[in-house]
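Structure first, then comments.
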Amino acid sequence: MSGPRQAYPPPPFFYKLCEEEAEGAAETDSEDLTDVVEPPSPVQGEYHSFGEIFETTDGVPKIPVQQLFRDADVDFKVELKKLNRETIFCFLELISVLISNPGGYARNLENLGVILRNVHQLLNLMRPHQALASLEQMLNIDIEELQRGLQDMRNKKENARRILESASASLLDSSKLDMDMDLDTASESESDSGSKGSGGGLGGLGNVENGD
């Protein structure tokens with residue numbers, strides 16, 4: 001980076017080329033316009049924006065104040081609880097100083113800011129774990145929904161099977177009843193035809209006897 005920069009810099013000077021009254025001048029000086037409007041090269045490393053320093057590399061940037069927790073094997077729950085207690089203690093101290101010595105609050109306020117920055121750093125370090133936990137929760141929800149859908153399909157399949165079995169049994173009973181009715185009708189028809197044939201034969205015998 002080349003030297004310090006303003007916290008709130010003015011807009012680039014070539015914004016005037018976009019004004020309505022400058023349209024004619026921009027058209028006449030197209031070569032200068034091309035040189036001015038070309039995008040800047042990508043920033044590498046640190047850059048300043050509104051008085052803050054940012055990094056272009058991926059990952060959590062280093063904390064700009066004293067670090068109050070260890071890097072290796074961080075227990076986020078323990079460290080956050082410890083920093084929370086220290087925050088409350090520093091806040092009470094700040095209130096006490098403001099009551100007893102209003103002009104000497106700067107150091108206490110700085111200590112409180114250091115603690116809060118450490119809390120913010122820990123929360124940023126927890127983002128990958130939060131992302132994994134969120135992804136795991138989403139996958140569990142998807143699995144539960146799939147299992148519920150499969151169970152619903154199994155229930156519907158079982159209901160359809162019972163309905164088909166009931167319908168099949170009803171059809172078998174109906175066909176059996178129709179067959180029995182057909183057999184009864186056939187038996188009655190045969191018995192009627194047999195009785196008619198027997199009556200005709202006796203009548204013929206009677207006629208023969210009378211003739212004799």
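For clarity, every value in this text was computed on a predicted model and none was experimentally measured.
With sequence neighbours left out, the side chain to side chain donor-acceptor pair (under 3.5 Å) criterion links Asn124 to His120. In this structure, Glu86 has no salt bridge (Lys or Arg N to Asp or Glu O under 4.0 Å) partners at least two apart in sequence or on a different chain. Scored by the side-chain contact (heavy atoms from CB on, under 4.5 Å) test, Asp75 finds Lys77, Val78 as partners (sequence neighbours excluded). Partners of Lys81 under the salt bridge (Lys or Arg N to Asp or Glu O under 4.0 Å) rule, at least two apart in sequence or in another chain, do not exist in this structure.
In this structure, Leu125 is not a member of the same hydrophobic cluster as Leu116, with clusters built from ILVMFWY side-chain heavy atoms closer than 4.5 Å.
Taking both residues in full, the closest heavy atoms of Glu79 and Leu68 are given as OE1-O, 4.3 Å, listed atom of the first, atom of the second, then distance. Nearest heavy atom pair, residue Gln67 against residue Arg70, reads NE2-C, 4.1 Å.
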Tell me which donor-acceptor pairs under 3.5 Å the side chains of residues 89-115 have, and how far apart each pair is, sequence neighbours excluded?
| residue | atom | partner | partner atom | Å |
| --- | --- | --- | --- | --- |
| Ser100 | OG | Ser96 | O | 3.0 |
| Asn111 | ND2 | Arg107 | O | 3.3 |

With a 3.5 Å cut-off and sequence neighbours excluded, list the donor-acceptor pairs that the side chains of residues 144-156 form with protein atoms.
| residue | atom | partner | partner atom | Å |
| --- | --- | --- | --- | --- |
| Gln151 | NE2 | Asn155 | OD1 | 3.3 |
| Asn155 | ND2 | Gln151 | O | 3.2 |

Which side-chain N or O atoms in residues 162-172 pair as donor and acceptor under 3.5 Å with protein atoms at least two apart or in another chain?
| residue | atom | partner | partner atom | Å |
| --- | --- | --- | --- | --- |
| Arg162 | NH2 | Asn159 | OD1 | 2.3 |
| Glu165 | OE1 | Arg161 | NH1 | 3.3 |
| Glu165 | OE2 | Arg161 | NH1 | 2.5 |
| Ser170 | OG | Ser166 | O | 2.9 |

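Contacts classified as ring-ring contact (aromatic ring centres under 6.0 Å, His included) and involving residues 135-154 (residues at least two apart or in different chains) are not found. Contacts classified as ring-ring contact (aromatic ring centres under 6.0 Å, His included) and involving residues 141-170 (residues at least two apart or in different chains) are not found. Applying the ring-ring contact (aromatic ring centres under 6.0 Å, His included) definition to pairs two or more places apart or across chains, none involves residues 147-174. Applying the ring-ring contact (aromatic ring centres under 6.0 Å, His included) test to every pair with at least one member in residues 141-169, sequence neighbours left out, gives no pairs at all.
When hydrophobic side chains of Ile, Leu, Val, Met, Phe, Trp and Tyr are connected at separations under 4.5 Å, Leu135 ends up clustered with Leu139.
Within the 4.5 Å cutoff, the side chain of Val119 has no heavy atoms near those of the Asn84 side chain.
A donor-acceptor distance shorter than 3.5 angstrom exists from the side chain of Asn118 to the backbone of Gln66, with no hydrogens or angles considered.
The CZ atom of Phe76 sits 4.0 Å away from the NE2 atom of His129 when rounded to the nearest 0.5 Å.
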